Trainee: 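Structure below; questions to follow.
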Amino acid sequence: MIKAIRGMRDILPPETSRWQWVESVAREVFDLYGYQEIRLPLLERTELFARSIGEETDIVAKEMYTFPDRKGDSLTLRPEATASVLRAVLENRLEKGAGVKKFYTLGPMFRYERPQKGRFRQFWQINCEAYGVEAPELDVEVILLLMHILKRLLPGELRLLVNSLGCPACQMKFRAALGLFLINREGLCEDCQRRRTTNPLRVLDCKSANCQGILHNAPVIRDYLCPDCAAHFARVLELLNRFNVAYELKPRLVRGLDYYTRTAFEVAAVGLGAQDAVAGGGRYNGLAKALGGPDLPAIGFAIGEDRLLELLPQDFGQDLRPRIFVAALGEPARERAFTLVQELRRKDLAAEMDFEGRSLKAQMSMADRLGAAYAVIVGDKELEAGAAQVRPMRNFASPASAAANQEAVEGERPPVAQEKVRFEALVDYLTGKVRSEENL
RNA sequence: GUGGGCGUAGCUCAGUUGGCAGAGCACCGGGUUGUGGCCCCGGCGGUCGCGGGUUCAAGUCCCGUCGUUCACCCCA
């Protein structure tokens, strides 16, 4: 048997309905904040990611699905969406004009990593990007939007972590100071000794307790922010306070992509294991220019949809149960039932029936298992009488009442209010019943 | 890329010192010549991940390999 390749999984029903639910909520909130959807190719020129994410990052250096196409051009399955969105915006001149330009997109990303809890080689992101405005109000609006989506979906506690990474000038000063600090430190773990040269910022959020101890007196980026960056960050925090958004200042928060500037944030959740970041984002004012475009302020975030789904309660999702199950006995009745099912569906009522000529008992059992609200029974007797039996199916909701019922009637079938309804009136009768119940 | 755990029925898992491959759930049928939840009876269902080796005999021991899972690393 051929199986799915490593790190790639099938998302199956009923799980898919939970995904649809999440996506519909996200779309609603995006609408509310004035964001418009943009749909993008999954493949881009390798150069796009190398230049935007950073040659030295792990993502580019060892985690991309990169291969030559038939012509020999180097292509890459997108490892993230930001670079693609910006490319599309610049290519189509969407940044032109006054005001903030707001976009969202969602879909699969690809990274060649070792799979583990909450980490897949194909994973899904819900992505938000806003361009053209430098004001800290936009930073806050984007964070509010993110928290809005998450709070509508998740009952559990979320931690919003916030930091400022400054502008390139601040970063240069800070890197120099950090490098100086690290160069004389003894006792850093093996990884950090490597990071010291490859990616010094990463040393800051090493998980080793030992390293954290050593880093206790390390320089903090906040002390290296230029007056503009400091003012921007102060304003962001002030507004978060004003809107009662709980956050934690995390001076050591750095992000894995080189393009971030100023505001950086992350949302962590409990219950996800080691991969506890549900969403992350920040400002990336320099990226458009780095890609050969204009000077374009930008900010955005990505939600890890797979991880988000992991946190959702099991009963989240749409009700996919059919309203009506039509049980038929004998060939003429099946013929009638098939017509009835189509008529119900034309009235937008979910209806099902059996095509295999199974016993009435088996069909009733199917109706129950599918969760139908009503079973319609059609047999020779009903055809002759010109009226079908309509049986409400949800009388025995709880196992307790089922047991009580069983004892009460002692061997006899529990009394169910089963009605005879003439075929001509059946569709209207059923639509009426179901609609009135749904409005309760 | 590194380290540990685990691969047996559709699912969750048992399987003793190597000796006839099991249970629960699910599914199908019957208990009711035409009525769902519970209960009772019966049935279907297996390349024991794959390849090699040791042995009279391997799900069990050995080697390899693939997958999976958790952690490191990294990130959503």
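Proteins come first, then strands; the chains are lettered A, B, ... in the order of their sequence lines, and each starts at number 1. Keep in mind that this is a model prediction, so the values were computed, not measured.
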Trainee: Starting at the 5' end of RNA chain B and moving along, which residue's nearest nucleotide shows up first, A/Ala277 or A/Lys62?
Mentor: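 The residue mapped nearer the 5' terminus is A/Lys62.
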
Trainee: Under a 3.5 Å cutoff, is there a donor and acceptor pairing between the side chains of A/Arg27 and A/Tyr104?
Mentor: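 Yes, side-chain donor-acceptor contact under 3.5 Å.
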
Trainee: Is there any protein nitrogen or oxygen under 3.5 Å from a nitrogen or oxygen in nucleotides 3-7 of chain B, and what are the pairs?
Mentor:
residue, atom, partner, partner atom, Å
B/rG3, O6, A/Arg114, NH2, 3.4

Trainee: Sequence neighbours excluded, which residues qualify as salt bridge (charged side-chain N to carboxylate O under 4.0 Å, His left out) partners of A/Lys151?
Mentor: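 With sequence neighbours excluded, A/Lys151 shows a salt bridge (charged side-chain N to carboxylate O under 4.0 Å, His left out) to no residue whatsoever.
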
Trainee: I need the full list of side-chain hydrogen bond (donor to acceptor under 3.5 Å, both in side chains) pairs touching residues 370-380 of chain A, with sequence neighbours left out, sorted by first then second residue.
Mentor: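 Counting only pairs at least two positions apart or across chains, the side-chain hydrogen bond (donor to acceptor under 3.5 Å, both in side chains) contacts touching residues 370-380 of chain A are A/Tyr374-A/Glu437.
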
Trainee: Looking only at atom C1', what distance separates B/rG22 and B/rU8, rounded to whole Å?
Mentor: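 Each nucleotide's C1' atom is 10 Å from the other's.
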
Trainee: Which whole-number value in Å describes the distance from A/Arg119 CZ to B/rG1 P?
Mentor: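 Whole-Å distance recorded here is 12 Å.
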
Trainee: Quick one, A/Val390 and A/Leu426 - any side-chain contact, counting heavy atoms below 4.5 Å?
Mentor: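 In contact.
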
Trainee: Contact class for A/Gly330 vs. all strands (heavy atom < 4.0 Å): base, sugar-phosphate, or nothing?
Mentor: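 Since no nucleic acid heavy atom lies under 4.0 Å of A/Gly330, the category is nothing.
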
Trainee: Under the ring-ring contact (aromatic ring centres under 6.0 Å, His included) test, which residues partner A/Tyr131, sequence neighbours left out?
Mentor: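 A/Tyr131: no ring-ring contact (aromatic ring centres under 6.0 Å, His included) contacts found.
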
Trainee: For A/Tyr112, is the NZ or CZ atom of A/Arg121 found under 6.0 angstrom from the centre of its six-membered ring and inside 45 degrees of the ring axis?
Mentor: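 Pair A/Arg121/A/Tyr112 counts as cation-pi.
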
Trainee: Go ahead and write out RNA chain B as dot-bracket, 5' to 3': ( ) for pairs within the strand, [ ] for ones crossing earlier pairs, | when the partner sits on another strand, dots for unpaired; Watson-Crick or G-U wobble, both distances under 3.5 Å.
Mentor: (((((((..((((.....[..)))).(((((.......))))).....(((((..]....))))))))))))....

Trainee: Using a heavy-atom distance cut-off of less than 4.0 Å, which residues of residues 353-361 of chain A contact RNA chain B?
Mentor: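 Output list: A/Arg358, A/Leu360, A/Lys361.
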
Trainee: Between B/rG53 and B/rA9, how far is it from one C1' atom to the other, in whole Å?
Mentor: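 Roughly 28 Å separates the two C1' atoms.
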
Trainee: In whole Å, what separates the P atom of B/rC11 from that of B/rU69?
Mentor: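 To the nearest whole Å, 14 Å.
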
Trainee: Mind checking the C1' distance from B/rU17 to B/rA26? Whole angstroms is fine.
Mentor: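 That atom pair is separated by 36 Å.
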
Trainee: Quantified in whole Å, what is the C1' atom distance between nucleotide B/rG59 and nucleotide B/rU55?
Mentor: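 Rounded to whole Å, the distance is 16 Å.
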
Trainee: Consider the side chain of A/Lys117, meaning its heavy atoms from C-beta on, and name the nucleotide among B/rU35, B/rC70, B/rC72 that approaches it most closely.
Mentor: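 Ranking B/rU35, B/rC70, B/rC72 by closest atom to the A/Lys117 side chain puts B/rC70 first.
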
Trainee: Taking CD from A/Gln389 and P from B/rG34, how many angstroms apart are they, rounded to a whole number?
Mentor: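 After rounding, the gap between these two atoms is 14 Å.
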
Trainee: The criterion is ring-ring contact (aromatic ring centres under 6.0 Å, His included); which residues satisfy it with A/Tyr224, sequence neighbours excluded?
Mentor: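 A/Tyr224 satisfies ring-ring contact (aromatic ring centres under 6.0 Å, His included) with A/Phe174 once adjacent residues are dropped.
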
Trainee: Considering every strand and a 4.0 Å limit on heavy-atom distances, what is the contact class for A/Gly118: base, sugar-phosphate, or nothing?
Mentor: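 A/Gly118: base contact, heavy atoms under 4.0 Å.
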
Trainee: Answer yes or no for A/Arg9 and A/Phe120: cation-pi contact, defined as NZ/CZ to six-membered ring centre under 6.0 Å and angle to ring axis within 45°.
Mentor: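 The answer is yes, since A/Arg9 meets both limits relative to A/Phe120.
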
Trainee: From the list B/rC73, B/rG29, B/rC74, which nucleotide is the closest neighbour of the side chain of A/Ala362?
Mentor: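 Within the option list, the nearest is B/rG29.
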
Trainee: Output the single nucleotide from B/rC73, B/rA76, B/rG34 whose closest atom is nearest the side chain of A/Leu329.
Mentor: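 So the side chain of A/Leu329 is nearest to B/rG34.
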
Trainee: Would you kindly say whether A/Thr263 and A/Ser164 are connected by a side-chain donor-acceptor distance under 3.5 Å?
Mentor: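 Looking only at side-chain atoms, A/Ser164 and A/Thr263 do not form any donor-acceptor pair under 3.5 Å.
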
Trainee: Rounded to the nearest angstrom, tell me the gap between atom CZ in A/Arg334 and atom C1' in B/rG34.
Mentor: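 Nearest whole value for this atom pair: 14 Å.
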
Trainee: Looking at residues 363-388 of chain A, who's got a heavy atom less than 4.0 Å off RNA chain B?
Mentor: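 Under 4.0 Å from RNA chain B: A/Met364, A/Ser365, A/Asp368, A/Arg369, A/Ile377, A/Asp380, A/Lys381, A/Glu382.
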
Trainee: Whole angstrom is fine here: how far is it from CG in A/Asp276 over to P in B/rC74?
Mentor: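 Rounded to whole Å, this separation is 14 Å.
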
Trainee: With sequence neighbours excluded, tell me which residues meet ring-ring contact (aromatic ring centres under 6.0 Å, His included) with A/Phe67.
Mentor: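 Here no residue qualifies.
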
Trainee: If the plane angle is over 60° it's perpendicular, under 30° parallel, otherwise tilted; pick one for A/Tyr284 and A/Tyr259.
Mentor: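 Because their plane-to-plane angle lies in the 30° to 60° range, the rings of A/Tyr284 and A/Tyr259 count as tilted.
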
Trainee: Would you tell me if any nitrogen or oxygen in the side chain of A/Arg6 comes within less than 4.0 Å of OP1 or OP2 on B/rU68?
Mentor: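 Affirmative; the distance criterion is met.
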
Trainee: With sugar-phosphate meaning primed atoms plus P, OP1 and OP2, does A/Glu63 contact a base, only sugar-phosphate, or nothing at under 4.0 Å between heavy atoms?
Mentor: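 Sugar-phosphate contact only.
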
Trainee: Please indicate whether A/Glu157 has more than 12 foreign heavy atoms, meaning atoms of other residues, nucleotides or ligands, lying under 6.0 Å from its CD.
Mentor: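 Counting neighbours around CD of A/Glu157, 12 or fewer heavy atoms of other residues, nucleotides or ligands fall under 6.0 Å, so no.
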
Trainee: Take atom P in B/rG29 and the same atom in B/rC13, then report the distance between them in whole Å.
Mentor: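 One P to the other, the span is 29 Å.
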
Trainee: Just to verify, what does A/Glu343 make a salt bridge (charged side-chain N to carboxylate O under 4.0 Å, His left out) with, not counting sequence neighbours?
Mentor: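 With neighbours one apart ignored, the set is empty.
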
Trainee: Please give, in whole Å, the distance from B/rG34 P to A/Gln418 CD?
Mentor: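 These atoms are roughly 15 Å apart.
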
Trainee: For the residue pair A/Tyr35 and A/Phe30, does the interplanar ring angle fall in the parallel (under 30°), tilted (30 to 60°) or perpendicular (over 60°) class?
Mentor: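 A/Tyr35 vs A/Phe30 ring planes: tilted.
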
Trainee: Counting only side-chain N and O atoms of A/Gln116, is one of them less than 4.0 Å from OP1 or OP2 of B/rA71?
Mentor: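 Answer yes for this pair, as a side-chain N or O of A/Gln116 is under 4.0 Å from OP1 or OP2.
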
Trainee: What interatomic distance, in whole Å, is found between P of B/rA23 and the corresponding atom of B/rC63?
Mentor: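 Each nucleotide's P atom is 33 Å from the other's.
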
Trainee: Whole angstrom is fine here: how far is it from NZ in A/Lys3 over to P in B/rU68?
Mentor: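 So the NZ-P distance, A/Lys3 to B/rU68, works out to 8 Å.
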
Trainee: Can you list every pair that meets ring-ring contact (aromatic ring centres under 6.0 Å, His included) and has a residue in residues 36-55 of chain A, with sequence neighbours left out?
Mentor: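 Listed once each, the pairs would be none.
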
Trainee: Please enumerate all residues that pass ring-ring contact (aromatic ring centres under 6.0 Å, His included) together with A/Phe338, with sequence neighbours excluded.
Mentor: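 Partners of A/Phe338 under the ring-ring contact (aromatic ring centres under 6.0 Å, His included) test: A/Phe355.
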
Trainee: What is the separation between atom CD on A/Glu113 and atom P on B/rC70, rounded to the nearest whole Å?
Mentor: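 To the nearest whole Å, that distance equals 14 Å.
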
Trainee: Rounding to the closest angstrom, what is the interatomic distance between B/rC6 and B/rA14 at atom C1'?
Mentor: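 So the two C1' atoms sit 15 Å from each other.
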
Trainee: To the nearest Å, how far apart are A/Gln122 CD and B/rA76 C1'?
Mentor: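 Atom CD in A/Gln122 sits about 14 Å away from atom C1' in B/rA76.
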
